[in-house]
Amino acid sequence: MTTNEALFNFSLRIADDNLVLAQRLAEWCSRGPILEEDLAITNISLDLLGEAEDFYEYAASLGDEKKSADDLAFLRSEREYFNHLLVEQPNGDFACTMMKQMLYAGYAKHFYEALLNSKDETLGALANKGLKEVKYHFRHSSEWIIRFGKGTEESQLKCNKAIEELWRFTDDLFEMNATDKILMTQGISCSLMEIHPLWKAEISHVLDEAGIAIPEVNNAIKGGINGLHTEHLGQLLCEMQYLQRAHPGAKW
Amino acid sequence: MTEEEKLIRFNSLIEQDEKIEPKDWMPEAYRKTVLRQMTQHAHSEVIGMQPEGNWVLRAPTLRAKKILLAKIQDEGGHGLYLYSAAETLGMDRSTMIQQLHEGKAKYSHIFNYPTLNWADIGAIGWLVDGAAIVNQVSLQRTSYGPYARAMVRICKEESFHQRQGYEIMAHMMEGTKAQREMAQDAMNRWWWPSLMMFGPSDKDSWHTQESMHWKIKRSSNDDLRQKFIDKTVDQAYVIGLTVPDKDLKFNEATSHWEIGAINWDEFWNVVKGNGLCNHKRISHHIQFHNLGKWVREAIMAYAEKNNQLQTSN
Amino acid sequence: MENNNDQLPLWEVFIQKGGSPFKHEGSIHASDKNMALQNARDIYTRRGEGRLIWVVPSNAIASTSVEDEAEFFDPSDDKIYRHPTFYKMPEGAKNI
């Protein structure tokens, strides 16, 4: 793998994370628990869509084939998607969605922070733009988790169920493969092993305040960055890519 | 002030084109009419999120997905501005929502039609929002202050909605045969319902006369409809769409397009609940409103606990 | 119907743009201050309109009433000497 190919894969991975999570959040459209929150979730989804587009465009500029950002988003199958398993998980109830958002935004925050020092200027600039957004997403979702943790018995129960359901997908966020090795030696990307404790401390702080215990599970599941996914991703892509697949070559 | 003096003051405010504000005295019938119109308008914005939401997960490009999501979000925001304006008359939002669920409050009939292909998203932006904008521009001068101010804000934000819809239609008309067919199909299904959005003809609408007198409504249904027809027919021709009206003709003398007869039976049938989606729209709203109940309870419980903590410190 | 009694408190939203005074923009519902600020941001600043946001519980606002109008505001009507146009300047005087 050349550095360029590694950078291509790496950009796709970030773009895929953003797009898949944005698509999940868009499922909440007209379904929010209060109208104000409906708009808040849409705002987060729009932020992520913007980030996805930026990273796809960067990937498209690196690839040797003439593929556009849209080609990369709409014409790859689930085995070619590199997003993390966490973001493709179904929304579940609102507590589950916010838990997923908090866990992911906490990761993205430290990941982007580390990328600020990347030797690749574009990556650094995109990380800088994304950082402001995911910091807000982290604040927003953390506050919801604390409200639920200290709210009613029912909301507490739902939060506990959410963390039990999602925790198994968090080790996957820190997996690395050949792509990371190449980019790390060039100072383009960072070691996710170093980010892991920072993330853990930050989300533990929120969960502690909410009175929610981190489950002691050993059944961590991994595979996203190597194109191995849960079955949910295929369904999500099927819906998202429908028009592009049904009308090959059409312009929209 | 005596009742009579209050009425004189109210009438003179209306007469001088001044705004009526929430704490001003107003005739009961005025309050009821404004409140009904604002809640109906708010519900329309919120229910209107559903037909477009039907395509947000299937939008064909990243750009299209962003635009559609931002647009639906605007509709929700406009619903909020209007609920907020309606609340100044003393009814809280949960009561308005309850009235919607019980069928006591209405929303625009247009949202009971289904969105069956991607061009429907274009048609909604271009025709449905286009019709709504004509009405809303006129309502910026409505006599109730909070309603007028909400309209100013909404009109400013809506200006991109119609353009993005027309852009979708234009793109599809330049596209493959299948795309052109989708665009024409959407045009055929949305043209007449859009014209119905302005409401029955003035001679059949008692509400219009009363509302015009109080300057709640500033232009008549027929005038607004004609304005919409004149600009939209030309836009259709520019991109090669056929207007589905065999009686459509241009009157050189008046410089207006004249349309065939509107099928008001269809309109009333949909208003009465027999559109393809009436049931779905309301049951969707009820379902997700009820699903959010535990969330609202939890955050209120949290807020109360926090307040107690703060006051005991 | 089960939607009674779950109305969240109402907050009034004020936003400052550039160097202008805070302006009332509308209202939102929220259960606490943080949520009120975030909801105000998502609803009233979607097009980059804001610099600072204030939220105030609606029931904390004191207001004059219509009955007060004459007493409160009419007395200022005849104090035209507060306005610069009240004063006659000598012909030829400039920049005053």
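The analysis underlying the following values was restricted to heavy atoms, covering all of them including side chains, and did not include hydrogens, waters or symmetry mates. Lettering of chains follows the sequences in order, A, B, ..., and the numbering in each one begins at 1.
Within 6.0 Å of CZ in B:R63 there are 12 or fewer heavy atoms belonging to other residues, nucleotides or ligands. Residue-environment remark: CD (A:Q235) stays at or below the threshold of 12 foreign heavy atoms within 6.0 Å. When the shell of 6.0 Å around CZ of B:R163 is examined, it contains 12 or fewer heavy atoms from other residues, nucleotides or ligands. Surrounding CZ of A:R139 are at most 12 heavy atoms belonging to other residues, nucleotides or ligands under 6.0 Å away.
Between chain A and the options B:D74, B:I47, B:L80, the largest number of non-hydrogen pairs under 4.5 Å is found for B:L80. No other option in B:Q50, B:E75, B:H171 has as many heavy-atom pairs under 4.5 Å with chain A as B:H171. Contact count versus chain A (heavy atoms, under 4.5 Å) is highest, among B:A64, B:P60, B:G292, B:G53, for B:P60. Among A:K158, A:Q241, A:M240, the residue with the largest count of heavy-atom pairs under 4.5 Å with chain B is A:K158. Highest contact tally toward chain A, considering only B:R93, B:E52, B:H285, is held by B:R93 [criterion: heavy-atom pairs under 4.5 Å].
Between A:E143 atom CD and B:Y302 atom OH the span is 8.0 Å, to the nearest 0.5 Å. To the nearest 0.5 angstrom, A:K150 atom NZ is 9.5 Å from B:K305 atom NZ. Considering CH2 of A:W252 and CE of B:M172, their distance stands at 5.0 Å, rounded to 0.5 Å. Rounding to the nearest 0.5 Å places CG of B:L291 at 10.5 Å from CZ of A:R31. Atom CG of A:L49 sits about 11.5 Å away from atom CD1 of B:I67, to the nearest 0.5 Å. Between B:I299 atom CD1 and A:I146 atom CD1 the span is 14.0 Å, to the nearest 0.5 Å.
Residue B:L62 touches chain A through both its backbone and its side chain, counting heavy-atom pairs closer than 4.5 Å. Heavy atoms of A:A52 lying under 4.5 Å from chain B are absent altogether. The contact between B:Q179 and chain A is made entirely by side chain atoms (from C-beta outward), counting heavy-atom distances below 4.5 Å. In this structure, the portion of B:A59 lying under 4.5 Å from any heavy atom of chain A is its backbone and not its side chain. Both the backbone and the side chain of B:K66 have a heavy atom closer than 4.5 Å to some heavy atom of chain A. Looking at B:A178, only its side chain comes within 4.5 Å of chain A, counting heavy atoms on both sides. For A:F74, the part lying near chain B is the side chain, with the backbone staying farther off; criterion is any non-hydrogen pair under 4.5 Å. Both the backbone and the side chain of A:E36 come within less than 4.5 Å of a heavy atom of chain B. The parts of A:E27 that come within reach of chain B are both its backbone and its side chain, each placing non-hydrogen atoms under 4.5 angstrom from that chain. Using a 4.5 Å cut-off between heavy atoms, A:A22 does not touch chain B at all.
Taking all atoms of both residues into account, the shortest heavy-atom contact from B:W294 to A:E154 is CB-OE1, 3.4 Å. Taking each heavy atom of A:T152 and B:A301 in turn, the nearest pair found is CG2-CB, 3.8 Å. Across B:L57 and A:A26, no two heavy atoms sit closer than the pair CD2-CB, 3.9 Å. Nearest heavy-atom pair across A:C29 and B:I72 is SG-CG2, 3.4 Å. Nearest heavy atom pair, residue B:T176 against residue A:A250, reads CG2-CB, 4.2 Å.
At least one donor-acceptor pair closer than 3.5 Å links the side chain of B:H284 to the backbone N or O of A:S30. For B:R296 (side chain) and A:P33 (main-chain N/O), a donor-acceptor pair under 3.5 Å exists by modelled atom type. Side-chain atoms of B:Q73 do not come within 3.5 Å of backbone N or O of A:T42 as any donor-acceptor pair.
Defined by atom type and a distance below 3.5 Å, a donor-acceptor pair is present between the side-chain atoms of A:Q23 and B:K65.
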Determine, step by step, whether B:V46 and A:L35 satisfy the side-chain contact (heavy atoms from CB on, under 4.5 Å) criterion, reporting the C-alpha distance in whole Å, the side-chain angles of both residues, the deciding distance to 0.1 Å, and the verdict.
CA-CA 9 Å; B:V46 170; A:L35 189 50; 3.7 Å; yes

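B:W118 has its side chain out of reach of A:Y242: every pair of non-hydrogen atoms, C-beta onward, lies at least 4.5 Å apart.
Aromatic pair A:W28/B:F288: ring centres not closer than 6.0 Å.
Residue B:T61 forms a side-chain contact (heavy atoms from CB on, under 4.5 Å) with just one option from A:K251, A:E53, A:Q244, and that option is A:Q244.
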